[in-house]
Amino acid sequence: MSGGGCSVRAIWILTPHDAVAFSRRFAVVEKRWRVAWEAEGGARAEMMPLPADYEVAAAFAERRRREGTARGSGIRTSMSSAGSDSWVDDPITRHIISLHIDKEEGEGFMLWPVVLQKRGSYYILVLPLVDPQSFKAYESLLKRSDCGSSAKEKGNLSSILLNLPCITGALMVAHVIGDIITGDTAEPEVIVSTGPSVGGLLDSLTGSIGISARPKPIAAPVAAPTASISSPVGAPQSESLKGGMRPFDKDLLRNFILGAMPFGTPQDLNYANVTSVRTTGFSADPLPTDQKQPAWKPYLYKGRQRTLFSSLETLNAALYDRDDVQDFLSVSGQVTCRAELEGLPDVSLPLSGLKAARVEVSSFHHCVQASEPTNDKQTLIFQPPLGNFVLMHYQASCNMDPPVKGFYQLSMVSENEGAFLFKLRLMEGYKSPFLMEFCMVTMPFPRRRVASYDGNPSVGTVSMTEHSIEWRIVSSGRGLSGRSIEATFSGTVRFHPITIQRVKSSFRSVPSTAFVEDSDSEQDNTKNGANLDDYLMEKMNKDLQAVNLEEPLSWQAYNYAKVSFKIVGGTLSGLTIDPKSVTIYPSVKAPVEYSMQASSGDYILWNTLGKCPSAALPK
């Protein structure tokens, strides 16, 4: 049973108030559970039926009280008791939990493994089908007297889960259900240019003055149905759902489960595929006898044929401007695709620039067959699904100079006033078609309220918020391409006086529940030593000093400026696609378009006059 894929016995969605908002049980899988236990020669299956909703809610509330939070600590503490998840002493028990069901008549029993995922304000519980041997093995871990587990040790939790592929399937089920109830069902972006590129001298001239074809995200597939007005699916409702609990469309979720996992066995968890099949049905066009229709393409495309590729990269950087600390640059990227092709063609895509990019990690869509990298290239062959999808993810080095480099200095001249200086250079060494669409530098002051500032930058505009100063160097609509610019900004920033209460306080004045990942509001959380987050914060805060004149901004935190930008027209890693080398078999007349975009992630300029964290990198 453990090697037979994934089947789900039940799904529950709970509110923060420990009430069941949605539940679904699968009788066919439950019958298999009973048969498996009967084959073991016992009657335990009769003693462990699927509990009622109110029993699950009570068991979840009891676990929250016992473990400190909904997730728990994942480590054994002095407050842990035998039979609890923390007694197993493995952090994975924060995500794969057990629930102890108390019965009014007869003995209680345990549900395991229950995959737990928190999305928005809801807790999603998925109970997959496991074999009795794995269940009994976990029961024995709950009674073990020794603490901790070793990777080489037999019978530990990791070795048990390694033989249960249903755990991975249950995690995927929980993830896609979370996407539906929070509205995060949008497909990956595929960027296309609004106008064709003429090339040559004209592109260089128009790019140098900021006039070029602006890329834009392409729409989702036409076949994908739209949600009803009451449905939470969609960007506007998604944000409000994350901030607080809002009802979700139960009919939408119920219909998805019916199509995605009939009788409790997941078949296709792609939201767009399932909803498209529900509205348009499977393709009625006959396929050639030598071709099989893959699961990721339940119906065929009809219409104008074309293929779109996009390279979307995010640059994370830590720039110190110090001789003793090396700057850090890292690129994480993805190649997205949209193949509007009739039939079931094979697409061959060559990647180039592998040596320059020094790709460290890469992963591919399950429809891709990737060849071994040779020299500077790698070939991907795939039968594309319909709609936008991520072809590959990768982690690589930055093959170019930082698009924004220079230094930032901040020095406190008094308790409530600081002098700062920026000297930056943008897009040095970047030639057309690279285009910086916007660039902004933010000076955050999380623990001080900004009263005013003085100073005028050499370029751009400045605005102020309660806890930050924002310097917009390149505005949207006035791109920077084919040249570099130097930007300087010096001035002073004044803060509101610190109150007496704030000076005498430390981090310990902040309620400990603010640091709890689950945001549980019970008072028991602050008293329960099993809560790892509170325990660690309390231990660290004992050594923190009160505010002093040298570091008055965030209680011994570090001072930095954060850069935000977006660049189109090229990749920072050097990993690219040649559209002319893309081949489609059987051969069809379908243009191939390719766009590239890079944006900032955590792009930090550390204060050269203050403290800064750094790590020794391997040579």
Side-chain angles (χ1 to χ4, degrees), residues 6-27 29-30 33 48-74 83-86 88 90-103 108-130 134-135 138 142 157 161 164-182 184 241 245 247-248 250 253-254 256-257 260-261 264-266 269 517-520 522:
C6 174
S7 294
V8 175
R9 296 174 61 193
I11 298 171
W12 295 277
I13 300 177
L14 277 71
T15 69
H17 310 295
D18 298 326
V20 176
F22 178 88
S23 65
R24 181 72 165 87
R25 294 164 176 80
F26 300 94
V29 181
E30 187 63 14
W33 162 263
M48 297 186 295
L50 281 177
D53 287 350
Y54 73 90
E55 293 176 324
V56 173
F60 189 75
E62 173 60 23
R63 184 187 187 276
R64 186 201 296 263
R65 185 200 63 77
R66 183 178 65 250
E67 300 289 346
T69 66
R71 292 193 188 277
S73 63
S84 63
D85 288 332
S86 59
V88 179
D90 194 315
I92 202 171
T93 56
R94 289 170 54 86
H95 309 281
I96 302 173
I97 68 173
S98 64
L99 294 178
H100 296 270
I101 308 298
D102 292 328
K103 286 293 200 180
F109 59 93
M110 180 180 70
L111 287 182
W112 182 88
V114 180
V115 171
L116 168 65
Q117 186 169 124
K118 184 169 189 261
R119 295 295 295 272
S121 298
Y122 293 98
Y123 295 97
I124 304 167
L125 307 180
V126 179
L127 177 65
L129 174 68
V130 297
S134 299
F135 186 90
Y138 185 75
L142 296 176
L157 182 56
L161 298 179
L164 295 175
C166 62
I167 297 296
T168 303
L171 286 167
M172 295 175 63
V173 170
H175 182 78
V176 71
I177 289 177
D179 288 344
I180 293 173
I181 65 177
T182 57
D184 296 332
L241 223 168
M245 188 182 70
F248 55 90
K250 296 181 182 179
L253 179 57
R254 191 175 292 109
F256 171 80
I257 292 175
M261 42 191 304
T265 301
L269 295 178
E517 177 186 359
D518 301 305
S519 301
D520 295 326
E522 290 89 336

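Here the structure is a predicted model, which means the values were calculated and not measured.
Two rings, from Phe248 and Tyr122, have their centers less than 6.0 Å apart.
Side-chain contact between Met261 and Ile11: present, with at least one pair of heavy atoms (C-beta onward) separated by less than 4.5 Å. Using a 4.5 Å cut-off on side-chain heavy atoms (C-beta onward), Thr93 and Glu67 make no contact. Using a 4.5 Å heavy-atom cutoff, the side chains of Val176 and Phe256 are in contact. Side-chain contact between His175 and Gln117 is present, with heavy atoms from C-beta onward closer than 4.5 Å. Looking only at side-chain heavy atoms (C-beta outward), Leu116 and Ile96 stay at 4.5 Å or farther from each other. Here the side chains of Pro113 and Val130 are in contact, with some heavy-atom distance below 4.5 Å. Under the 4.5 Å side-chain criterion, counting only non-hydrogen atoms from C-beta, Val173 is not in contact with Val115. By the 4.5 Å heavy-atom criterion applied to side chains, Val29 and Trp33 are not counted as neighbours.
The heavy-atom pair separating Ala57 from Asp18 by the smallest distance is CB-O, 3.2 Å. Of all the heavy atoms in Phe26 and Val8, the pair that sits closest is CD1-O, 3.2 Å. Here the closest non-hydrogen pair linking Ala70 and Tyr123 is CB-CE2, 3.5 Å. Across Leu164 and Ser134, no two heavy atoms sit closer than the pair CD2-OG, 3.5 Å. Nearest heavy atoms, Cys6 versus Thr265: O-CG2, 3.5 Å. When every heavy atom of Val56 is checked against every heavy atom of Pro51, the shortest pair comes out as CG2-CG, 3.5 Å.
In this structure Trp12 satisfies the side-chain hydrogen bond (donor to acceptor under 3.5 Å, both in side chains) test together with Asp53, sequence neighbours excluded. Residues that satisfy the salt bridge (Lys or Arg N to Asp or Glu O under 4.0 Å) test with Arg9, not counting sequence neighbours, are Glu30.
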In sequence, state the C-alpha distance, the side-chain angles, and the governing distance for Leu125 and Leu99, and then conclude on side-chain contact (heavy atoms from CB on, under 4.5 Å). CA-CA 10 Å; Leu125 307 180; Leu99 294 178; 4.1 Å; yes
Before you tell me yes or no, could you show the steps for Arg119 and Asp184 under side-chain contact (heavy atoms from CB on, under 4.5 Å), namely the whole-Å CA-CA distance, both residues' side-chain angles and the distance that decides it to 0.1 Å? CA-CA 10 Å; Arg119 295 295 295 272; Asp184 296 332; 3.4 Å; yes
Are Tyr138 and Leu157 close enough, and set up right, to give a side-chain contact (heavy atoms from CB on, under 4.5 Å), and what steps lead you there? CA-CA 7 Å; Tyr138 185 75; Leu157 182 56; 3.7 Å; yes
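Distance CD1/Ile257 to CD1/Ile177: 4.5 Å, rounded to 0.5 Å. Going from atom CD1 of Ile92 over to atom CG of Leu161 covers 5.0 Å, rounded to the nearest 0.5 Å. Here the CD1-CG distance, from Ile181 to Leu253, works out to 7.5 Å after rounding to the nearest 0.5 Å. We find the CG-CG distance between Leu127 and Leu50 to be 6.5 Å, quoted to the nearest 0.5 Å. Taken to the nearest 0.5 Å, the CE atom of Met48 stands 12.5 Å off from the CH2 atom of Trp112. To the nearest 0.5 Å, the span separating CG on Leu142 from NE2 on His100 amounts to 6.0 Å.
Lys250 places a side-chain N or O within 3.5 Å of a backbone atom of Ala21 that can act as its donor or acceptor partner.
Counting non-hydrogen atoms of neighbouring residues, nucleotides and ligands closer than 6.0 angstrom, the CE atom of Met172 reaches no more than 12 such neighbours.
Ion pairing between a basic and an acidic side chain is recognised when a charged N comes within 4.0 Å of a carboxylate O; Asp85 and Arg94 show no such pairing.
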